[in-house]
Amino acid sequence: MGRLGDLTAALRAEGARPVVPFVTAGFPTDDACRGALRGVKDAGCRLVEIGVPFSDPVADGPVIQAASQRALVQGMTPARSLELAAWARRELDLTVVLMGYLNPVLRMGSERFAAACATAGVAGLIVPDLPVDEAAGLRASLHAAGVDLVSLVAPTTDAARLQLHAAHASGFLYLVSTTGVTGTGAGAGDGLEAYVARVRAACTLPLYVGFGVGTAAQAARVARCADGAIVGSALLRKLEHIADEPAARAATSSFIGELAGAMAAAGDGTRDASGKGDHS
Amino acid sequence: MTTPSSNAAAPGRFGPYGGQYVPETLMPCLRELEAVWLAARTEPAFLAELAELQADYSGRPTPLYRARRFEAACGGRARVWLKREDLNHTGAHKINNCLGQVLLARRMGKARLIAETGAGQHGVATATVAAWAGLRCTVYMGEVDMQRQEPNVRRMRLLGAEVVPVLSGARTLKDATSEAIRDWVTNVADSHYIIGSTVGPHPYPTMVRDFQSVIGIEARRQVLEKEGRLPDVAIACVGGGSNAAGLFAGFVDDPVALYGVEAGGSALGHSAALALGTPGVLHGSFSYLLQDDDGQIVPAHSIAAGLDYPGVGPEHSFLKDTGRVTYDKVDDAEALTAFGDLCRLEGIIPALESSHALAFCRRLLGDEAACARLLATRAAGPDAGPLVVVVNLSGRGDKDMHGDAGAQQDGGAHGQAR
Ligand SMILES: Cc1ncc(COP(=O)(O)O)c(C=O)c1O
């Protein structure tokens, strides 16, 4: 469908196991946020997630809550988040997925928001409080504008619901690693491999695991079974006390670079073991 | 239990309002809850157990009491009946919902209850049913509310509940609700979230109304016994809207004028989502709420912690749009005056939340033109005697006595001496 699906399909074809960094728009400061995005680019990432801060983020743990609150106090808005996304697309050639709660989207209007995403070059949207059952309207608006709506799947999602996700999802499937909020849990709990295999059997899209993935070991474990890892709270924690662009850039590229390296090594391991790319 | 016609086009929808806007993690659990509740609500054994608890544990039916001195102070144009939900075990209507939900939690095999609370009445009711059922209990409460409703914090702890202070946002009910949802997402396998009002994702708004409908069903029967006819007017305060939904459930299909009263607050802000808000999504459903142009939620304000919430239940949004219920607001000062009135005129200390309904009653009955209109248009006809008004006294005010309400009364009599 959109460019997000093109990119994730291409990454899979290459046998890449991308790390997808998440930054909150405007956190820790406007400048340092742009620095972090430059660091994402330096680390070799092609895909990035930008969070649109919301006043009441019920799916987020303390780190992203605090980041959202700080960004809002500093004047970040949905419109300015879209400008930041456009900048990352234009200046850094990053493919951007926005993560934002439903109410600001509805406030702007689904169609207007979808059009604004298209104008900004945003490839996909993740809405953590919009389950697939309620998503038809927004999905139609986004698809009309050429933007993917990424579906979130959880460990509690049963077989019947997996079918629903498989029927509607595009871009990639976001696997919430544990029952919980962002930044908590082990990031790759006991049942991760079985969970990924269960989803894999129901859905052909690339599977990206997020929520609580924050160490090289966890990222490597994700790389051995899934297609990508999303890293949010752990990155924001590194940025908390940074205000200037160069420092944020360096901190991000070193941390994300480390995770990307671990994932690449783990991914190579799986390919060597099977003699070919997992999904070729 | 009977439920009034909701006019919902789809389950969980009241016109465009309602829905299930929650993280995927919770969706299977909402499906299970809906199925368990739908099976239970017509099952004789469940209804018998609930009825027994309502009678022997909570003390139902609660009286319908004619407040003669209060009605005289309102101008003598009406007979005013108070539905005494304050006389329930734990002191408010909140227990009606908790008794129903704890039975469902037990059927689902949950070991733990989660609740949010503002005034503390819902937290106390949840802690109470947790003790009764032998379940663990965690209650989230904004730090500001823990201070202004301190007696209820002690009650909850005495009952064995863990009370977790919430330090985010305005540190009131909205923030406590968000934190309760986060706990629920994390512990959904073993924990049931008892939402305290007709808010949240489907099935909560309908289910909570169902459990609260006992208020209206009883009040209807009682007023028919005492007056020989239906009331002309029914009034309830609206926070999330559960005591109002419960009262209105008895009268929504009758020719009774229904009024829902939101908190008008003060110069610090208000909580009038229906009167002054716009539709949006907060805490799982689409409904009127207080938000800015960017869709960020605007903090609410009310002297009554249980009304201090920027959203409202989706069915009330629908009833506002259809015009079936008239929603109005009462500010902090008017509510405090009504609080004092009821204390001194009737020997009843009302909750500050309920005081908003009493204040509106007094305002309505003091409005000669409005009363004339009600008399002229009522079903009983213009000559059927004075107006008959039912006000839901949703809770008692012991919890408020050390705060602004207590200070005001004290200040009135002994201000100089202090
Ligand atoms: C006594 C009392 N009345 C009313 C309310 C408001 O809630 P609702 O609108 O759900 O009845 C509360 C909430 O805490 C309460 O304690």
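Note: hydrogens, waters and symmetry copies are ignored here, and every other heavy atom, side chains too, is used. Numbers restart at 1 for each chain; the letters A, B, ... are given by sequence-line order, proteins then strands. Nothing here was measured: the structure is a model prediction, and the numbers come from that model.
- Chain B forms more heavy-atom pairs under 4.5 Å with one residue of A:V105, A:L72, A:V176, A:V127 than with any other, namely A:L72.
- Heavy-atom neighbours of chain A within the stretch residues 182-190 of chain B, taken at a separation under 4.5 angstrom, comprise B:R182, B:V185, B:T186, B:V188.
- Using a 4.5 Å cut-off between heavy atoms, B:T278 contacts chain A through its side chain alone, with no backbone atom that close.
- Across all their heavy atoms, A:L236 and A:F22 have their closest contact at CD2-O, 3.9 Å.
- Using a 4.0 Å cut-off between charged nitrogen and carboxylate oxygen, B:R171 and B:D308 do not count as a salt-bridge pair.
- For B:I297, the parts lying near chain A are the backbone and the side chain together; criterion is any non-hydrogen pair under 4.5 Å.
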Sequence neighbours excluded and cut-off under 3.5 Å, please list the side-chain donor-acceptor pairs for residues 25-32 of chain B, or say none.
| from | atom 1 | to | atom 2 | distance (Å) |
| --- | --- | --- | --- | --- |
| B:R31 | NH1 | B:Q20 | OE1 | 3.0 |
| B:R31 | NH2 | A:D133 | OD2 | 2.6 |

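- Here the shortest heavy-atom pairing between B:A119 and B:M141 reads C-CE, 4.3 Å.
- Chosen from B:Q291, B:K174, B:E179, the residue pairing most often with chain A at heavy-atom distances under 4.5 Å is B:Q291.
- The stretch residues 52-67 of chain A places A:P53, A:F54, A:S55, A:D56, A:P57, A:V58, A:A59, A:D60, A:Q65 near chain B, each with some heavy atom under 4.5 Å from a heavy atom of that chain.
- Smallest separation of non-hydrogen atoms from A:V196 and A:C225: CG1-O, 3.5 Å.
- Judged by distance alone, the side chains of A:Q74 and A:T29 never bring a donor and an acceptor atom under 3.5 Å apart.
- Between B:G123 and B:T117, the shortest heavy-atom contact is N-OG1, 3.0 Å.
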(request) Walk me through it: do B:R136 and B:E162 pass the test salt bridge (charged side-chain N to carboxylate O under 4.0 Å, His left out)? (result) CA-CA 9 Å; B:R136 285 180 291 130; B:E162 175 196 18; over 6 Å; no
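- For the 3.5 Å distance criterion, the side chains of B:H283 and B:Y204 fail to qualify, holding no donor opposite an acceptor.
- Ring geometry, B:Y17 versus B:F286: the interplanar angle falls under 30°, so the pair is classed parallel (tilted spans 30 to 60°).
- With sequence neighbours excluded, the residues forming a side-chain contact (heavy atoms from CB on, under 4.5 Å) with A:A120 are A:L82, A:A86, A:V122, listed by chain and number.
- Between chain B and the options A:L130, A:D158, A:T157, heavy-atom pairs under 4.5 Å are most frequent for A:T157.
- With hydrogens and angles disregarded, a donor-acceptor distance shorter than 3.5 Å links the side chain of B:K320 to the backbone of B:L274.
- When the candidates A:P128, A:A160, A:S151 are compared by the number of heavy-atom contacts under 4.5 Å with chain B, A:P128 comes out ahead.
- Looking at every heavy atom in both residues, A:V199 comes nearest to A:V153 through CG2-CG1, 4.1 Å.
- Heavy-atom pairs under 4.5 Å with chain B peak, among A:M108, A:H165, A:Q69, at A:H165.
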